[in-house]
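Inspection log for the structure reproduced underneath, given as C-alpha cells.
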Amino acid sequence: MTVTTTPLKPAGTAPVGFGATRRRDRWWAQPSGVAIGFGAFIVYTLFSALVWQPVFGVGYESAGYLSPFFSPVIRPDWLPWWFSPAILILWIPLGFRTTCYYYRKAYYRAYFADPPGCAVSEPRIHHWYRLETAFPFILQNLHRYFLYLAFIPLFFLWIDALAAFRLGDQWRLGLGTGLMLVNVILLTGFSLSCHAFRHVVGGKVDCFSCSRRRQVRHGLWRFATRLNVRHPNWAWFSLVSVGLTDLYIRLLAAGVIVDPAIRL
C-alpha cells in the first residue's frame with residue numbers, strides 16, 4: 001500500500017519582520033512623503049473648516065470668492081455660532097478622497113504599513129486583522145456612492161469659479177479667479193479619472209460595437225481611461241490646489257494680502 005503525503009511547503013527565503021527587505025533603494029521615501037503630505041492636508045482642512053472662523057474670526061468668503069471647503073454654503077439661521085457650515089458639505093469630498101482606490105493604497109502603506117512597500121515585510125500583527133472585510137474599513141466599499149455625491153459640490157464649485165470673474169458691475173481677471181478656475185479643473189480631472197467612474201461609463205458591457213449607444217459608451221470609457229492613467233497626479237495636484245485656494249481666500253479675508261486683478 002502506497003501512502004501519499006502532501007509535501008510540506010518549503011520555508012521562504014524572504015526576510016521576516018517589520019520593514020525587513022533586500023531592497024537597497026529608499027523604498028521608505030514615498031510612504032513617508034504620503035504620510036506627511038496627506039496628514040498635513042487633513043490637519044489643515046479640519047483647522048480651516050472647524051477653527052479658523054469660530055475661534056479667530058477669519059471668514060471663508062472675501063471679495064466675491066468662496067472657499068471650496070464651504071461650497072455650496074448651507075447656513076440655516078438656527079445653527080449655533082460655533083457650528084461650521086463646512087460640516088454639512090465637507091464630508092462628501094473627504095469621503096470621496098479617503099475611499100479612493102489610489103489613496104487607499106497610498107495611506108495603507110503610509111499609516112498601516114500594509115505593506116510598507118513592494119517586497120518589504122509587514123508587521124506580524126497584520127496576521128490578526130481583516131482590514132476591508134470588517135468595520136470600519138468595510139465602509140471603503142461606499143466609494144462609488146461618494147463619487148456620485150461628489151458631483152454635487154463639484155457643480156457648485158464650477159458656478160463659484162465662473163461667478164468669481166464678475167464682481168459687482170465689473171469683470172476681473174486676477175490671481176484669485178485663476179486659482180479658483182485651476183482648482184475646479186483639477187478637481188474635475190480627479191473625479192473623471194476615478195476608477196469607479198471609468199467602470200460606470202464602460203463597465204458591464206460585453207460588446208462596445210454592437211450598438212450606437214455602446215459605441216458612445218466606448219468613447220467615454222476611452223476618455224476616462226486616458227485620464228485614469230494619471231489618476232495619482234490628478235489626486236495630488238487637486239489636493240494641493242483646493243488647499244491653496246482655501247488658504248488664499250482666508251488670507252484675503254484676514255487682510256493679510258490683497259487680490260491682484262485687472263478689472264474691466
Report task. Would you indicate whether Phe41, at its atom CZ, is surrounded by more than 12 heavy atoms from other residues, nucleotides or ligands within a distance under 6.0 Å? Result -> yes
Report task. Using a cut-off of 6.0 Å, state whether more than 12 heavy atoms not belonging to Arg230 lie near its atom CZ. Result -> no
Query raised in the report: With under 30° as parallel and over 60° as perpendicular, where do the rings of Trp221 and His218 fit, or are they tilted in between?
Result: parallel
Query raised in the report: Quick one: do Phe237 and Ile36 end up in the same hydrophobic cluster if we chain Ile, Leu, Val, Met, Phe, Trp and Tyr together by side-chain heavy atoms under 4.5 Å apart?
Result: no
Query raised in the report: In terms of hydrophobic clusters joined by side-chain contacts under 4.5 Å, are Leu79 and Ile74 together?
Result: yes
Requested in this report: Check step by step if side chain to side chain contact (heavy atoms under 4.5 Å, CB included) holds for Ile249 and Leu66.
Outcome: CA-CA 7 Å; Ile249 295 171; Leu66 173 63; 5.7 Å; no
Query raised in the report: What pairs meet the salt bridge (Lys or Arg N to Asp or Glu O under 4.0 Å) rule with one or both residues in residues 54-73, with sequence neighbours excluded?
Result: Glu61-Arg75
**Report entry** Derivation of the side chain to side chain contact (heavy atoms under 4.5 Å, CB included) call for Leu187 and Trp234
**Finding:** CA-CA 8 Å; Leu187 289 173; Trp234 289 109; over 6 Å; no
Requested in this report: Tell me yes or no: between the side chains of Thr99 and Arg144, is some donor less than 3.5 Å from an acceptor?
Outcome: no
Query raised in the report: For Pro68 and Asn183, which heavy atoms make the closest approach, and how far apart are they?
Result: CB-ND2, 4.0 Å
Report summary line: Sorted by chain and residue number, the salt bridge (charged side-chain N to carboxylate O under 4.0 Å, His left out) partners of Arg217 (sequence neighbours excluded) come out as none
**Report entry** Residue pair Ser191 / Leu147: nearest heavy atoms and the distance that separates them
**Finding:** O-CD1, 3.9 Å
Side chains of residues 149-162: which donor-acceptor pairs under 3.5 Å do they make with residues two or more places apart or in other chains?
from: Trp158; atom 1: NE1; to: Thr188; atom 2: OG1; distance (Å): 2.9
from: Asp160; atom 1: OD2; to: Ser71; atom 2: OG; distance (Å): 2.4

Query raised in the report: Looking only at heavy atoms, which two atoms of Asn228 and Ser193 are closest? And how far apart?
Result: ND2-O, 2.8 Å
Identify each donor-acceptor pair in which a side-chain atom of residues 251-264 lies under 3.5 Å from a protein atom, sequence neighbours left out, and give them as a table.
from: Asp259; atom 1: OD1; to: Gly176; atom 2: N; distance (Å): 3.1
from: Asp259; atom 1: OD1; to: Tyr248; atom 2: OH; distance (Å): 2.5
from: Asp259; atom 1: OD2; to: Tyr65; atom 2: OH; distance (Å): 2.6

Query raised in the report: Who else is in Trp27's hydrophobic cluster (ILVMFWY, side-chain heavy atoms under 4.5 Å, direct or via others)?
Result: Trp28, Val120
Query raised in the report: Can you name the residues that form a side-chain contact (heavy atoms from CB on, under 4.5 Å) with Tyr44, not counting sequence neighbours?
Result: Ser48, Trp52, Phe69, Asp246, Leu247, Arg250
Sequence neighbours excluded and cut-off under 3.5 Å, please list the side-chain donor-acceptor pairs for residues 86-95, or say none.
from: Trp91; atom 1: NE1; to: Leu88; atom 2: O; distance (Å): 3.1

Report task. Could you tell me which non-hydrogen atom of Arg23 sits nearest to which non-hydrogen atom of Ala119, and how far apart they are? Result -> CD-CB, 4.2 Å
Report summary line: Residues passing the side-chain contact (heavy atoms from CB on, under 4.5 Å) test with Asn141, sequence neighbours excluded, are Ile138
Requested in this report: Could you list all the ring pair (Phe, Tyr, Trp, His ring centres under 6.0 Å) pairs where at least one residue sits in residues 167-193, not counting sequence neighbours?
Outcome: Phe96-Phe190, Phe190-His231
Query raised in the report: Would Leu142 end up clustered with Phe135 when hydrophobic side chains under 4.5 Å apart are linked, directly or stepwise?
Result: yes
Query raised in the report: In the single-linkage hydrophobic clustering (I, L, V, M, F, W, Y; side-chain heavy atoms under 4.5 Å), do Tyr60 and Val55 co-cluster?
Result: yes
Query - Evaluation steps, ring pair (Phe, Tyr, Trp, His ring centres under 6.0 Å), between Tyr103 and Trp236 - result: CA-CA 10 Å; Tyr103 275 123; Trp236 285 107; 5.7 Å; yes
Requested in this report: Not counting sequence neighbours, which residues clear salt bridge (charged side-chain N to carboxylate O under 4.0 Å, His left out) with Arg166? List them please.
Outcome: none
Report summary line: When every non-hydrogen atom of Ala110 is compared with those of Pro31, the smallest separation belongs to CB-O, 3.2 Å
Query raised in the report: Do His143 and Arg104 have a side chain donor and acceptor closer than 3.5 Å?
Result: no
Report summary line: Here the gap from Gln53 atom CD to Trp82 atom CH2, rounded to the nearest 0.5 Å, amounts to 14.0 Å
Query - Ala40: partners by side-chain contact (heavy atoms from CB on, under 4.5 Å), with sequence neighbours left out - result: none
Report task. Might you confirm whether atom CD of Gln30 has over 12 heavy atoms from other residues, nucleotides or ligands at distances under 6.0 Å? Result -> no
Query raised in the report: Any side-chain heavy atom of Asp114 within less than 4.5 Å of one from Arg109?
Result: no
Query raised in the report: If we only count heavy atoms from C-beta on, is the Ser241 to Met180 side-chain gap below 4.5 Å?
Result: no
**Report entry** Single-linkage hydrophobic cluster, 4.5 Å side-chain cutoff, Tyr101 and Tyr145 together
**Finding:** no
Query - Non-hydrogen side-chain atoms of Leu192 and Phe223 separated by less than 4.5 Å - result: yes
Query raised in the report: Taking C-beta and beyond as the side chain, do Phe83 and Trp78 meet within less than 4.5 Å on heavy atoms?
Result: no
Requested in this report: Please report the shortest heavy-atom distance between Pro85 and Phe70, naming the atom on each side.
Outcome: CD-CE2, 4.1 Å
Query raised in the report: What distance separates Ser121 OG from Arg22 CZ, expressed to the nearest 0.5 Å?
Result: 11.5 Å
Report summary line: Rounded to the nearest 0.5 Å, the CD1 atom of Ile42 sits from the CZ atom of Arg97 at a distance of 9.5 Å
Requested in this report: Could you go through the side chain to side chain contact (heavy atoms under 4.5 Å, CB included) check for Cys100 and His195 one step at a time?
Outcome: CA-CA 8 Å; Cys100 165; His195 298 76; 5.8 Å; no
Query - Partner residues of Phe137 under the ring-ring contact (aromatic ring centres under 6.0 Å, His included) criterion, sequence neighbours left out - result: Phe112
Query raised in the report: Got Thr98 and Tyr107 here, is their nearest side-chain heavy-atom distance under 4.5 Å?
Result: yes
